Amino acid sequence: MSLAGKKVVVVGGSSGIGLATAEQAKALGAEVVIASRSAEKLKAAADKIGAKGIVADATSDSSIVDLFKACGLVDHVVVTAAQLKSGPFKTVSMDDVRSTFEGKFWGAWRVARAADIRPGGSLTIVSGFLSLRPRPNSAIVSAANGALESLTRALALELAPVRVNCVSPGIIDTPIRAAMPEAARKEMLAKTAAGLPVQRVGEAEDIAMQIHAFIANPFASGAIVYIDGGGLVV
Ligand SMILES: NC(=O)c1ccc[n+]([C@@H]2O[C@H](COP(=O)([O-])OP(=O)(O)OC[C@H]3O[C@@H](n4cnc5c(N)ncnc54)[C@H](OP(=O)(O)O)[C@@H]3O)[C@@H](O)[C@H]2O)c1
């Protein structure tokens, strides 16, 4: 597949799955714009892959409108932006659960409204395995992921002929767990890997490959694909 002549915007493109997606898009010949909040992180990522970086915050209506005004008409948009704050259902603060939904769910909503995507182009949303396999202390993330999967189906109708799809990752080793103590992070990843049919956790590139499959396949719309190393069948 070639993306020569195509413009791809990745909101959340300065790290992890978004950065891997942007890097693959660049390698396929696309003009790539990455967006995130931290100007410093964004510059380092944009310089590394040869993309354009635009500072934008998915929790702000005006910031996302300004981002897509600056981008103009685009071919493919991917939203990976999220900062998750969860905790025990009865005690987690309402500020934390609201901010999780504000970034992850309303962020994708804002992007879908503001982006001017060419007919036949695509929007790819990223949810997560917790929608189907909840774990203790993460109800808000389960709910946001489930809502994004419903939103995907609704937008596949309403934004047609733009195609809208969603990838739901399992456990992927990205900077999203940078705040975890290193030993605990490694132990968690090793334990997860041992329990999966594929015997490893995911890499950002694994999810980026699925995002590019959605971008490339003109018959893909309203699809939700779980890329989790077989996590749903164990
Ligand atoms: N990694 C996993 O195990 C896993 C599993 C299931 C689902 N997911 C989902 O996959 C997506 C990507 O995760 P990841 O692991 O790639 O995370 P990551 O490495 O932490 O990257 C998140 C990116 O989003 C940006 N971002 C965060 N909040 C933002 C906001 N309000 N506005 C704009 N940009 C924002 C961050 O940059 P700035 O800090 O500069 O804003 C960063 O570029 C998330 O939706 C996550 O929930 C991940």
Side-chain angles (χ1 to χ4, degrees), residues 9-24 32-46 48-49 51 53-68 77-86 98-111 114 124-135 138 140-149 151-152 166-180 185 188-189 192-193 196 200-208 210-211 224-229 231-232:
V9 182
V10 184
V11 183
S14 67
S15 173
I17 294 166
L19 179 56
T21 302
E23 196 164 13
Q24 289 180 15
V32 178
V33 176
I34 59 174
S36 80
R37 295 163 304 177
S38 154
E40 200 185 335
K41 233 161 85 178
L42 196 60
K43 184 177 177 341
K48 180 179 167 225
I49 65 170
I54 300 181
V55 173
D57 183 348
T59 67
S60 155
D61 294 355
S62 61
S63 176
I64 294 302
V65 166
D66 289 349
L67 166 67
F68 283 101
V77 174
V78 180
V79 200
T80 62
Q83 187 170 38
L84 310 175
K85 292 181 189 165
S86 61
R98 284 203 180 98
S99 83
T100 294
F101 225 82
E102 196 61 56
K104 181 138 186 173
F105 177 77
W106 292 113
W109 179 289
R110 287 183 184 96
V111 168
T124 304
I125 288 170
V126 178
S127 62
F129 69 101
L130 291 170
S131 65
L132 294 184
R133 295 289 294 266
R135 290 182 169 182
S138 60
I140 190 61
V141 185
S142 296
N145 289 339
L148 285 169
E149 292 173 10
L151 180 67
T152 297
C166 175
V167 58
S168 174
I171 299 279
I172 314 297
D173 187 12
T174 71
I176 204 166
R177 292 183 191 83
M180 260 178 105
R185 190 183 68 85
M188 187 280 275
L189 293 175
T192 302
L196 287 173
R200 69 168 178 87
V201 294
E203 293 170 2
E205 290 72 18
D206 299 326
I207 305 305
Q210 180 56 43
I211 292 170
I224 297 160
V225 173
Y226 300 88
I227 303 290
D228 62 356
L232 289 184

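As the structure lists them, so they are numbered: ligands from 1, and atoms in each ligand from 1. Keep in mind that this is a model prediction, so the values were computed, not measured.
Judged by the shortest distance from any of its heavy atoms, E102 lies outside the 4.0 Å radius around the atoms of ligand 1. No heavy atom of G107 sits closer than 4.0 Å to any atom of ligand 1. For the ligand labelled ligand 1, residue V11 lies outside the 4.0 Å heavy-atom shell. Contact analysis leaves A204 out of contact with ligand 1, as no non-hydrogen atom separation drops below 4.0 angstrom. Residue-ligand proximity: G103 is placed with every non-hydrogen atom at 4.0 Å or more from ligand 1. Within the structure, the closest approach of S127 to ligand 1 falls below 4.0 Å when heavy atoms are considered.
Closest heavy-atom approach to atom 1 (N) of ligand 1 among the candidates I125, I17, V78, I172: I172. By heavy-atom distance, the residue among A45, G170, A178 lying nearest atom 5 (C) of ligand 1 is G170. Of the candidates E40, E203, R37, R177, it is R177 that places a heavy atom closest to atom 3 (O) of ligand 1. In the candidate list T174, T100, V201, T174 is nearest to atom 14 (P) of ligand 1, counting heavy atoms.
Atom numbering of ligand 1 starts at 1 in the shown order; those under 4.0 Å from a heavy atom of S14 are 37 (O), 40 (O), 42 (C), 43 (O). Residue contact check: L84 has heavy atoms under 4.0 Å from atoms 47 (O) of ligand 1. Below 4.0 Å from some heavy atom of A58 lie the following atoms of ligand 1, by number and element: 30 (C), 31 (N), 32 (N), 33 (C). Ligand-side atoms of ligand 1 in range of G128: 6 (C), 7 (C), range being under 4.0 angstrom from any heavy atom. Interface atoms of ligand 1 facing D57, defined by a heavy-atom separation under 4.0 Å, are 30 (C), 31 (N), 32 (N). Close approach of ligand 1 to I171 is summarised as follows: ligand atoms under 4.0 Å from at least one heavy atom of the residue are 3 (O). The ligand atoms of ligand 1 that sit less than 4.0 angstrom from a heavy atom of G16 are 16 (O), 19 (O).
Of the possible donor and acceptor atoms, one in the side chain of T100 sits under 3.5 Å from a partner among the backbone N and O of K85. Side chain of S60 to main chain of S63: a donor-acceptor pair is present (N/O by atom type, distance under 3.5 Å, no hydrogens or angles). S14 contributes no side-chain N or O that, together with a main-chain N or O of S36, makes up a donor-acceptor pair within less than 3.5 Å. Of the possible polar contacts, one joining the T80 side chain to the G12 backbone as a donor-acceptor pair under 3.5 Å is found. The closest donor-acceptor contact from the side chain of R110 to the backbone of I64 lies at 3.5 Å or more, if one exists at all. A side-chain donor-acceptor contact under 3.5 Å links S168 to the backbone of G128.
Nearest to atom 10 (O) of ligand 1 among the protein's heavy atoms is V126 CG1, 3.3 Å. Regarding atom 22 (C) of ligand 1, its nearest protein heavy-atom neighbour is A82 O, 4.2 Å. The protein atom (non-hydrogen) at minimum distance from atom 44 (C) of ligand 1 is T80 O, 3.3 Å. Nearest protein neighbour of atom 13 (O) of ligand 1, counting heavy atoms only, is I176 CD1, 3.8 Å. Summary of contacts: the protein heavy atom closest to atom 24 (O) of ligand 1 is A81 CA, 3.4 Å. Ranking the protein heavy atoms by distance from atom 18 (P) of ligand 1 puts S15 OG, 3.5 Å first. The shortest contact between atom 46 (C) of ligand 1 and any protein heavy atom is with K104 NZ, 3.6 Å. In terms of protein heavy-atom proximity, atom 33 (C) of ligand 1 is nearest to A56 O, 3.3 Å.
Of all the heavy atoms of K41, the ones lying under 4.0 Å from any atom of ligand 1 belong exclusively to the side chain.
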Working for side chain to side chain contact (heavy atoms under 4.5 Å, CB included), residues I17 and I211: CA-CA 10 Å; I17 294 166; I211 292 170; 4.0 Å; yes

Side chain to side chain contact (heavy atoms under 4.5 Å, CB included) evaluation trace for V79 with T124: CA-CA 6 Å; V79 200; T124 304; over 6 Å; no

Go through the steps for V55 and R37 under the test side chain to side chain contact (heavy atoms under 4.5 Å, CB included), then give the verdict. CA-CA 5 Å; V55 173; R37 295 163 304 177; 5.6 Å; no

Using the salt bridge (Lys or Arg N to Asp or Glu O under 4.0 Å) rule, take D206 and R200 through it: C-alpha gap first, then chi angles, then the decisive distance, then the call. CA-CA 12 Å; D206 299 326; R200 69 168 178 87; 2.8 Å; yes

The test is side chain to side chain contact (heavy atoms under 4.5 Å, CB included); show your working for F68 and V111 and say whether it passes. CA-CA 8 Å; F68 283 101; V111 168; 3.8 Å; yes

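Taking the side chain as every heavy atom from C-beta outward, Y226 and F129 never approach each other to under 4.5 Å.
The two residues A45 and L19 have their closest heavy-atom pair at CB-CD1, 3.9 Å.
Considering backbone and side-chain atoms together, G12 places an N or O closer than 3.5 Å to an N or O of ligand 1.
R185 CZ: more than 12 foreign heavy atoms inside a 6.0 Å radius.
Side-chain atoms of E149 and S127 form a donor-acceptor pair, as typed in the model, at a separation below 3.5 Å.
Applying the side chain to side chain donor-acceptor pair (under 3.5 Å) test to D228 and every residue at least two apart in sequence or in another chain returns nothing.
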